[in-house]
Number of protein chains: 2
Amino acid sequence: MNLQQGITHKGLNLLLKLEPNIPKDLRATGRRMTRTRQAVLALLQRTRQPVSANEIFDQLQEEKVAIDLVTVYRTMHVLKELGMVLQLDLHQEGLSRYELKEGREHHHHIRCQICGLIVDLLLCPLKKVTKLIEQQTQFIVDDHTLEFTGLCPQCQ
Amino acid sequence: MNLQQGITHKGLNLLLKLEPNIPKDLRATGRRMTRTRQAVLALLQRTRQPVSANEIFDQLQEEKVAIDLVTVYRTMHVLKELGMVLQLDLHQEGLSRYELKEGREHHHHIRCQICGLIVDLLLCPLKKVTKLIEQQTQFIVDDHTLEFTGLCPQCQ
DNA sequence: TCCTTGTTGCAAGTTCATTGCAAATACCAT
DNA sequence: ATGGTATTTGCAATGAACTTGCAACAAGGA
Ligand SMILES: [Mn+2]
Ligand SMILES: [Mn+2]
Ligand SMILES: [Zn+2]
Ligand SMILES: [Zn+2]
């Protein structure tokens, strides 16, 4: 399936199966749905793994979608602002990854140290711990990050 | 107290109250106790907060200790290898911080989003959770990172 | 004090990410 | 469909954290 085909110069492309309200979300804040934003969103949709800016850039290059790496960064910034994308800064990766929010709740990740596979962890075990920490430190806890690393089933 | 005074060109300096076995630990691996390493270690000892390479550099500059930023990085690398220092990569800081290990056990941190205060959390609530994750994901879990952010008592 | 070898400073290089600006383009009004 | 305008893009430059190459320096055992 050729991605280029799917991109029209105007409006929403059905082949890409983008959430229909995404262009409206963009325009509601004075922004525009461009072909590059469509291409990035479509890539995020069909990629289950969180992807880095460079991976988005490389993948779109392969698919003959003309886009600059700077534009990828700026696109991710916008999508983050609109709450459509989550930015992950996994430990010791030294780069950011992004995943479509798509109604995902607060969750954490585990990454395989060998192949890099990243899997969502649907549980968050820290609700009670947070209260305990607030008591012990007198901080007001706003947020937390939690990641696990290990070996995935394939790499063991 | 002038740090410069405390630094002799050879051997261990008592004023700095360095762990006496530290120079030996260094020499045991074919390394040398230099004046820059003494200065960095002394700074780590008297600083309770985890410090970044740039903070170490700036602080030593102020104290008229001649040291290059590159040397700070290389020193931290060595001290990490020897297990004398822990490297922290706190979320969204975009840089590494270091703290003396000094027998500290595995622990986590909370950082104030306003003033940057970092406090050790002595508990680790993740032992049981790790087992659950291994069951659910079929990963073998090697490690985890966990940090909290919030407002410290001063900044509330 | 000498000699060997580890260490340092300086400069240059990497990597990930951001910024300035002119050209291109989305899209609303006509 | 056309035009006007504010947004977006590409390119080049910049920034921040960190690493590497190499010659000069110095630690510390002989
Ligand atoms: Mn996820
Ligand atoms: Mn600590
Ligand atoms: Zn959580
Ligand atoms: Zn832990």
Side-chain angles (χ1 to χ4, degrees), chain A residues 7-13 18 22-41 50-58 60-61 65-82 85 87-98, chain B residues 7-13 18 22-41 50-58 60-61 65-82 85 87-98:
Chain A
I7 297 182
T8 63
H9 70 291
K10 221 171 215 187
L12 172 66
N13 178 335
L18 283 183
I22 284 180
K24 286 166 194 156
D25 288 350
L26 281 168
R27 281 193 285 266
T29 60
R31 290 170 217 275
R32 294 167 186 182
M33 174 53 76
T34 65
R35 67 194 67 184
T36 58
R37 284 176 182 169
Q38 279 196 40
V40 171
L41 281 164
V51 284
S52 68
N54 249 301
E55 287 171 351
I56 293 170
F57 175 71
D58 289 343
L60 292 181
Q61 291 274 84
V65 177
I67 189 172
D68 193 272
L69 181 58
V70 176
T71 303
V72 175
Y73 279 111
R74 287 196 272 229
T75 299
M76 300 327 289
H77 186 82
V78 169
L79 297 180
K80 240 185 347 178
E81 275 190 347
L82 296 180
V85 152
Q87 179 174 353
L88 315 181
D89 296 279
L90 300 187
H91 192 242
Q92 296 202 325
E93 280 221 307
L95 50 76
S96 292
R97 296 185 173 276
Y98 306 89
Chain B
I7 296 183
T8 64
H9 71 291
K10 222 169 211 188
L12 173 66
N13 178 334
L18 282 183
I22 283 180
K24 287 166 194 158
D25 287 351
L26 282 169
R27 281 192 285 267
T29 60
R31 292 168 215 277
R32 293 167 186 181
M33 173 54 76
T34 64
R35 68 194 67 185
T36 58
R37 284 178 183 168
Q38 278 196 41
V40 170
L41 280 164
V51 284
S52 68
N54 250 300
E55 287 171 351
I56 293 171
F57 175 72
D58 289 344
L60 292 181
Q61 291 274 85
V65 176
I67 190 172
D68 193 273
L69 180 58
V70 177
T71 303
V72 175
Y73 280 111
R74 288 195 271 229
T75 298
M76 301 325 290
H77 186 81
V78 169
L79 297 181
K80 241 186 346 178
E81 275 191 348
L82 295 180
V85 152
Q87 179 174 353
L88 315 181
D89 296 280
L90 300 186
H91 193 242
Q92 296 203 324
E93 281 220 308
L95 51 76
S96 292
R97 295 184 174 276
Y98 306 90

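Throughout, protein chains are lettered first and strands after them, A, B, ... in sequence-line order, and every chain is numbered starting at 1. For clarity, every value in this text was computed on a predicted model and none was experimentally measured.
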Which heavy-atom pair separates Ile67(A) from Phe57(A) by the least distance, and what is that distance?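 Shortest heavy-atom separation between Ile67(A) and Phe57(A) comes out as O-CE1, 3.1 Å.
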
Here the pair of heavy atoms bringing Arg97(A) nearest to Pro50(A) is NH1-O, 3.0 Å

Just the rounded figure in Å: distance from [atom2] of [N] to [atom1] of [X].
X        : N       : atom1 : atom2 : value
Glu81(B) : dG6(C)  : CD    : P     : 13 Å
Phe57(A) : dA17(C) : CZ    : P     : 14 Å
Leu26(B) : dG28(D) : CG    : C1'   : 13 Å
Met76(B) : dA17(D) : CE    : P     : 16 Å
Arg97(A) : dA17(C) : CZ    : C1'   : 16 Å
His77(A) : dT7(D)  : NE2   : P     : 15 Å
Gln38(B) : dA27(D) : CD    : C1'   : 12 Å
Asp68(B) : dA26(D) : CG    : C1'   : 16 Å

[X], nearest nucleotide to its side chain (from [options]):
X        : options                   : result
Thr71(B) : dT8(C), dT9(D), dA17(C)   : dT8(C)
Arg35(B) : dC27(C), dA26(D), dG9(C)  : dA26(D)
Arg32(B) : dG6(C), dA26(C), dC18(D)  : dG6(C)
Asn54(A) : dA26(C), dC16(C), dG28(D) : dC16(C)

Please state whether the phosphate of [N], meaning OP1 or OP2, lies under 4.0 angstrom from any side-chain nitrogen or oxygen of [X].
X        : N       : answer
Ser96(A) : dC16(C) : no
Thr34(A) : dT9(D)  : yes
Arg37(B) : dT7(C)  : yes
Arg27(B) : dG28(D) : yes
Tyr73(B) : dT19(D) : no
Thr36(A) : dT9(D)  : yes

Checklist entry - So which one's nearest nucleotide on DNA chain D is more toward 5', Glu93(B) or Arg74(B)? => result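 This one resolves to Glu93(B).
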
Comparing nearest nucleotides in DNA chain C, the 5'-proximal residue of the pair Arg31(B), Val70(B) is Arg31(B)

Practice prompt. May I ask you to say what Leu69(B) touches in the nucleic acid, namely base, sugar-phosphate or nothing, with a heavy-atom cut-off under 4.0 Å?
Written response: nothing

*asked:* Under 4.0 Å, counting only non-hydrogen atoms across every strand here, what does Ser52(B) touch: a base, just sugar-phosphate, or nothing?
replied: nothing

*Hey, does Val78(B) have a side-chain heavy atom less than 4.5 Å from the side chain of Arg37(B)?*
yes

> Are Glu93(A) and Leu88(A) close enough that some pair of their side-chain heavy atoms sits under 4.5 Å apart?
Replying inline: no

Under 3.5 Å side-chain donor-acceptor pair for Thr34(A) and Arg32(A) =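 Side chains of Thr34(A) and Arg32(A): no pair found under 3.5 Å.
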
Check: Just by distance, do the side chain of Glu55(A) and the backbone of Ser52(A) share a donor-acceptor pair under 3.5 Å?
Finding: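 Yes: the side chain of Glu55(A) pairs with the backbone of Ser52(A).
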
